[in-house]
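Predicted, not measured: the structure shown is a model, and the values here were computed from it. Labels below follow one simple rule: chain letters A, B, ... track the order of the sequence lines, proteins then strands, and each chain is numbered from 1.
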Amino acid sequence: MPAPGIAGTVSALFHLPFFMSQPATAITPRRDEDFPEWYQQVVRAADLAENSDVRGCMVIKPWGYGIWENMQRVLDGMFKATGHRNAYFPMFIPLSYLAKEAEHVEGFAKECAVVTHHRLEADGQGGLRPAPSAELTEPLVVRPTSETIIGATYAKWVQSYRDLPILINQWANVVRWEMRPRVFLRTAEFLWQEGHTAHETEQEAREETLQMLRVYETFAREYLAIPVYVGEKSEGERFPGAVQTLCIEAMVQDRKAIQAGTSHFLGQNFAKASGIEFVSRTNTREFAWTTSWGVSTRLIGTLIMAHGDDDGIQLPPRIAPAQVVILPVTPKPETRDAVLKAVEQLAAALRAQTFGGEPVRVEIDRRDIGGGTKNWEWIKKGVPLRVEIGPRDLEKGSVAVSRRDRGVKEKEFLTTDAFVSGVSGMLESIQAGLLARATALRDAHTVVLNTREEFYRFFTPSNPDRPEIHGGFALAHWNGSREVEEQVKADLKVTIRCIPMEDSPEPGRCIFTGDPSPRRVIFAKSY
RNA sequence: CGGGCUGUGGCUCAGCUUGGUAGAGCGCUUCGUUCGGGACGAAGAGGCCGCGGGUUCGAAUCCCGCCAGCCCGACCA
């Protein structure tokens with residue numbers, strides 16, 4: 001984590017009283033003091049979401065939802081560009097459907113919400129209860145994922161190889177009854193997209209799985225400014241029922257890994273379970289080959305932990321709900337109208353500019369609250385550029401521009417024209433800076449380890465009672481056995497994040513057993 | 001599901017041991033002074049102290065029961 005800009009720090013100190021009545025950073029605790037608590041405070045300070053009265057469920061507030069809407073819009077375009085279309089399937093899945101695929105049941109049964117009744121009645125004590133007479137003959141499960149119900153539907157749609165491929169995505173909510181919820185990272189209900197495709201051949205399905213993984217990788221890098229490793233999950237981390245699970249893994253600022261997206265090659269497992277059969281080109285009956293792939297609102301949590309600083313979140317411009325916020329400075333009533341008029345003109349001029357092929361997103365904050373308070377709110381919300389215009393700027397034809405990736409008090413005075421024509425470049429520079437910083441962090445904490453001792457040292461904090469930020473990604477040889485994986489997990493809470501896809505893997509010997517290993521895999525602690 | 005803890009204005013909490021019908025900070029409202037700035041002052045609104053029962057002249061405070069939430073473990077996008 002680089003230090004804040006020196007100029008900004010000096011300037012900030014200059015404005016504070018000796019005894020510092022205000023914290024030096026907008027968020028307490030700082031990241032290095034208590035990362036999990038810092039995360040929660042950022043979610044609150046940036047007004048992204050809050051916990052609801054329903055345990056484990058969150059209310060996503062407009063600023064947070066705006067981020068999700070941008071993710072949806074961009075990804076949706078990428079899905080369409082690769083030939084997919086959207087559809088919608090039911091939220092309720094008959095219990096018997098879930099039971100069809102053995103591994104799938106085992107994976108999800110423990111965290112399913114179940115609907116058993118379809119009517120309420122008075123309980124005689126002023127409350128309500130499910131009516132005993134209205135019990136469903138077959139309970140419905142609130143979807144934890146939709147493979148089974150979509151599979152059952154595809155089975156009806158597919159008769160011939162001519163009906164394939166089916167390339168469908170749905171945007172939906174899903175429910176997994178988690179024991180330990182954390183806003184955006186692990187909630188009982190979350191929003192996501194799930195792509196479900198069915199293919200004629202294994203190769204085609206495998207290519208689809210890989211293609212969508214690459215879509216996620218591109219999205220993460222180009223839009224979220226988060227570099228990711230792409231690879232395959234080990235057997236222990238695989239999606240229940242999948243033949244192969246591919247993933248993108250990101251590192252966030254406490255050096256833990258987070259799975260940011262997954263793409264599964266399901267083989268014929270679900271086709272067999274759901275009866276997706278077709279008559280082939282050679283007039284034989286075949287099971288289809290299916291895939292599924294998804295990303296969720298967890299990406300918002302990833303974004304926070306990847307780019308946030310001690311003053312709040314920092315949004316990559318490409319995904320920010322507003323890229324520029326204009327803050328009118330209206331100290332005197334007599335100049336107020338002129339300032340507001342200039343603000344409108346500036347907004348229009350900025351919106352006529354494009355960034356990443358889209359009009360620049362501009363918001364004007366006309367609220368009548370203290371300028372400092374207002375400024376800090378937008379800092380905490382992570383808007384990339386803040387622009388102040390006051391009466392003096394009107395006279396000079398200038399604006400005061402602050403970048404979120406620079407010091408809080410740092411302002412650049414530009415002519416209005418220069419700012420408008422340069423806004424796209426500034427946004428590009430911020431976007432690139434975030435990616436560069438995240439990449440540097442990841443690379444600095446990705447190490448190659450060759451012995452068991454090094455490995456255990458790397459993942460052991462110096463203070464076990466209050467673990468400091470430590471560890472990172474460890475590239476090490478592994479013999480491929482589940483026993484080793486589970487031992488490491490039990491000892492250190494470290495898991496295999498992925499088996500990286502490389503062109504020329506370097507063979508070696510497992511650092512735990514000495515067995516031959518075809519390639520290094522990535523170990524890390526994870527969310 | 002095991003272990004620890006907590007429920008008091010919107011938020012964070014004090015008060016409870018030694019019962020006498022409620023406090024602080026922040027936030028909110030109004031007024032004023034400030035103000036290219038997360039300022040200051042004054043006034044004000046807001047609480048059947050988680051729920052039910054018991055002891056008592058009297059319970060936020062003591063006793064019993066229940067409910068809810070948080071933290072630590074097992075599970076997880």
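Paired runs in RNA chain B that reach 3 or more consecutive Watson-Crick or G-U pairs, where each pair keeps both distances under 3.5 Å, cover B:1-7 with B:67-73, B:10-13 with B:23-26, B:28-33 with B:39-44, B:50-54 with B:62-66.
If you measure from atom CG of A:Asp393 to atom C1' of B:rG36, you get 8 Å, rounded to the nearest angstrom. Nucleotide B:rA39 holds its C1' atom 15 Å from the CG atom of A:Asn375, rounded to whole Å. When rounded to the nearest whole Å, the span between CD of A:Glu50 and C1' of B:rG10 equals 11 Å.
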Practice item. Determine, step by step, whether A:Gln244 and A:Lys233 satisfy the side chain to side chain donor-acceptor pair (under 3.5 Å) criterion, reporting the C-alpha distance in whole Å, the side-chain angles of both residues, the deciding distance to 0.1 Å, and the verdict. Key: CA-CA 7 Å; A:Gln244 180 187 49; A:Lys233 283 294 186 192; over 6 Å; no
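A:Phe265 pairs by the ring pair (Phe, Tyr, Trp, His ring centres under 6.0 Å) definition with nothing, not counting sequence neighbours. Contacts of A:Tyr216 classified as ring pair (Phe, Tyr, Trp, His ring centres under 6.0 Å), with partners at least two apart in sequence or in another chain: none. By the ring pair (Phe, Tyr, Trp, His ring centres under 6.0 Å) test, A:Tyr97 is found to be paired with no residue, residues two or more places apart in sequence or in another chain being considered.
If you check every strand for non-hydrogen atoms under 4.0 Å, A:Gly390 touches a base.
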Exercise for review: Heavy atoms under 4.0 Å is the rule here; annotate nucleotides 25-34 of chain B 5' to 3' with B where the base is hit, S where only the sugar-phosphate is, and - elsewhere.
Suggested key: ----------
**Study point:** nucleotides 71-77 of chain B: protein proximity per nucleotide (B base, S sugar-phosphate only, - neither; heavy atom, under 4.0 Å)
**Key:** -BBBSBB
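With both ends at atom C1', the span from B:rC28 to B:rC66 equals 35 Å, rounded to whole Å.
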